[in-house]
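Note that the structure is predicted; figures quoted are calculated from it, not measured. Below, read A as the first sequence line, B as the second, and so on, with proteins coming before strands; counting in each chain starts at 1.
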There are 2 protein chains.
Amino acid sequence: MPPGLKDVAARAGVSVKTVSNVVNGYVHVAPDTRARVQAAIEALGYVPNLAARQLRSGRSGVIAVAVPELQSPYFAELAGLIVQAAERRSWTVLIDQTDGQAERERHLVAGLRRHAIDGLIFSPLALAGEDLEHRTDIPMVLLGERVWHGPADHVAIDNTAGAADATRHLCDLGRRRIAAIGVQDAPSAVTAHQRLAGYRAALAEAGLPPGPDIEATVAGFHRADGAAAMARLLDSGDPPDAVFCFNDLLALGALRTLLSRGLAVPGDVAVIGFDDIEDGRFSTPTLSTVAPDAVRIANLAVELLAERLGAGAPAAGPAREVRVQHRLVVRESTAG
Amino acid sequence: MPPGLKDVAARAGVSVKTVSNVVNGYVHVAPDTRARVQAAIEALGYVPNLAARQLRSGRSGVIAVAVPELQSPYFAELAGLIVQAAERRSWTVLIDQTDGQAERERHLVAGLRRHAIDGLIFSPLALAGEDLEHRTDIPMVLLGERVWHGPADHVAIDNTAGAADATRHLCDLGRRRIAAIGVQDAPSAVTAHQRLAGYRAALAEAGLPPGPDIEATVAGFHRADGAAAMARLLDSGDPPDAVFCFNDLLALGALRTLLSRGLAVPGDVAVIGFDDIEDGRFSTPTLSTVAPDAVRIANLAVELLAERLGAGAPAAGPAREVRVQHRLVVRESTAG
DNA sequence: TTGTACGCGTTATCAT
DNA sequence: ATGATAACGCGTACAA
């Protein structure tokens with residue numbers, strides 16, 4: 001049985017209140033009393049019991065981060081950065097993967113754990129706006145575009161602009177038949193829709209014709225999906241001379257298909273992705289991409305949550321929207 | 001204020017104990033009483049308070065998984081699998097990254113959270129045996145080789161055998177100058193030492209000479225380290241015709257260096273890695289590797305922990321050691 | 001400045 | 001089968 005406040009109090013010859021004061025850094029404690037208590041704490045190896053503390057205060061010091069999947073390098077990176085940012089506020093982070101299943105996402109938001117976490121940073125995938133309306137108990141920060149208008153802050157990059165930048169880059173290279181890989185039909189696939197919009201806008205701007213034959217649909221955003229989509233594009237009779245993939249994983253898959261068929265990248269087909277994951281810096285060829293400022297995203301998410309959780313803070317203030325910069329990173333897959 | 005047992009009890013016209021019985025599936029409850037309570041629970045949207053439950057029972061239903069880094073695909077995959085396995089026991093998983101810093105690893109094992117977690121699955125990197133001796137409070141399962149002899153179970157693959165298999169495969173290809181990338185000097189780098197031992201053993205077995213000039217040391221196990229090491233190997237005058245990299249990330253980095261210098265893989269240099277991460281299945285060329293049975297590792301880790309946590313279980317029984325199979329996966333980087 | 005006593009929501013031990 | 005009540009360890013009015 002680990003020592004409690006009571007044990008420390010007994011050993012130091014003071015009351016529990018005094019020990020509590022010392023532990024919580026209360027100011028008005030006589031120096032020698034404080035020293036005696038400190039000594040007792042050290043001697044006993046006292047550690048506050050979080051359960052009891054939470055039961056009293058309602059705060060657990062734990063926030064949750066929910067991402068579609070940890071296997072995806074982008075989300076793994078983001079989760080890691082959020083953990084680092086939260087650590088600076090001495091919060092513990094509970095990382096959850098939803099596998100993009102609405103069921104799991106809903107469970108997470110409404111379920112057992114809502115008692116145990118103070119806040120939630122959530123990167124929704126399957127979950128549409130209405131599902132989130134129910135939840136009003138704990139502060140939440142959404143990652144990604146604003147797809148609903150409930151009382152949650154969110155931080156996002158401009159997906160449409162990023163996609164347009166990528167596509168424009170391909171246009172500037174003189175490519176005339178620029179395909180897109182990553183289209184998704186589901187109405188909840190907001191990211192895919194926005195990147196498609198940006199792609200189309202840039203195409204129109206360059207006077208290039210769009211068309212269903214150069215817009216490849218995928219089931220997921222993984223390498224295998226990109227590889228399969230690229231194969232379809234190549235087999236379709238009139239192959240593209242450039243491809244904008246909606247994320248780097250798709251692009252790496254596409255790259256694989258191109259190279260295994262003996263095509264040159266970027267010679268025959270230029271390829272650009274989105275996310276700037278580490279893999280792209282060491283693939284052959286290295287992968288051009290649109291790089292969101294992930295560090296800033298993580299910091300902002302934690303900061304927004306902190307403001308909602310802060311003592312006199314506007315816990316119920318209006319939802320805020322923060323936009324984070326992105327930049328185009330040109331590497332071998334388009335520069336050559 | 002969310003409803004508690006008391007509220008449900010009042011609404012159902014029963015005592016808190018009865019509600020508690022219903023919630024916990026106690027058998028001796030009259031059917032109609034149970035129904036009335038259930039109705040009240042639904043109506044009020046009652047959810048048990050975990051903090052209170054833990055305060056009573058001493059159990060939080062949370063286990064922690066500590067890995068060196070989530071950015072590493074292998075660990076991300078493993079963590080994901082453990083989460084899935086834990087879910088089947090309705091445990092919540094707290095994922096921690098230690099960044100391989102002994103300081104953080106120690107803090108984790110001894111720190112604040114020890115009250116809040118029931119068990120720990122730990123993949124130590126920097127932490128040597130003695131540091132772990134202190135900890136005796138919560139059950140722990142170690143991932144990786146047994147490097148100490150405290151009271152903790154551990155599950156591991158046979159690193160030495162795996163490394164030997166990989167090296168032997170290169171020998172069978174007829175390669176005569178087989179280099180290794182991934183040597184680490186630190187005494188705590190047990191994985192590196194074991195893979196080196198397996199490599200050397202296979203070399204000896206094939207009658208091939210070892211040597212410091214074909215054993216490349218690295219600071220970490222990332223792509224960049226592999227790329228740099230490969231460059232050194234190539235610049236050393238007598239380049240190898242095959243390389244065994246101690247993990248896939250190193251191999252992908254090495255691949256990058258080889259290809260960017262116009263060398264053919266496996267034509268000029270064959271490359272094999274270790275871990276079987278997804279990236280290797282889509283690189284160009286695809287990467288041969290040694291595949292640990294990660295699913296089984298995850299399941300076993302959770303299972304061992306469950307046994308320690310089980311009611312009448314031997315919470316203090318002798319430490320157990322479980323070995324998990326691995327298999328050689330031959331892909332393009334060595335077949336051709 | 002420090003001590004006493006109560007309550008947070010549960011589970012467990014008795015009774016009934 | 002169900003109810004009353006005492007802990008679990010901590011924070012906090014309120015009292016001293």
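Within the nucleic acid shown, A:Leu5 comes within 4.0 Å of sugar-phosphate atoms alone, with no base atom in reach, counting heavy atoms only.
The separation between A:Asp7 atom CG and D:dG9 atom C1' is 10 Å, rounded to whole Å. Atom-to-atom, CG of A:Leu55 to P of C:dC8 comes out at 9 Å; the value is rounded to the nearest Å. Between the NZ atom of A:Lys6 and the C1' atom of D:dC10 there is a distance of 11 Å, given to the nearest Å. Atom CG of B:Asn49 is separated from atom C1' of C:dG7 by 13 Å (rounded to the nearest Å).
Listed here is the closest heavy atom pair of B:Pro3 and B:Tyr46: O-CD1, 3.4 Å.
For the atom pair A:Ile82 CD1 and A:Phe75 CZ, the distance stands at 10.5 Å (nearest 0.5 Å).
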**Message:** For a side-chain contact (heavy atoms from CB on, under 4.5 Å) check, start with the C-alpha distance between A:Gln54 and B:Gln54, then their side-chain angles and the critical distance, and finish with the verdict.
**Reply:** CA-CA 10 Å; A:Gln54 180 191 351; B:Gln54 180 190 355; 5.9 Å; no
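Atom CZ of A:Arg296 has 12 or fewer heavy atoms from other residues, nucleotides or ligands within 6.0 Å.
Between the base of C:dA12 and the side chain of B:Arg56 there is no donor-acceptor pair shorter than 3.5 Å.
For the OP1/OP2 pair of C:dT11 and a distance below 4.0 Å, the side-chain nitrogens and oxygens of B:Arg53 include at least one atom meeting the criterion.
A donor-acceptor pair under 3.5 Å is formed between the side chain of A:Ser57 and the backbone N or O of A:Arg53.
Comparing A:Lys17 and B:Gly13 along DNA chain D, the residue whose closest nucleotide (by nearest heavy atom) sits nearer the 5' end is B:Gly13.
For residues 18-34 of chain B, proximity to DNA chain D is found at B:Thr18, B:His28, B:Val29, B:Ala30, B:Thr33, defined as any non-hydrogen atom under 4.0 angstrom from a strand atom.
A:Val155 places a side-chain heavy atom less than 4.5 Å from the side chain of A:Leu143.
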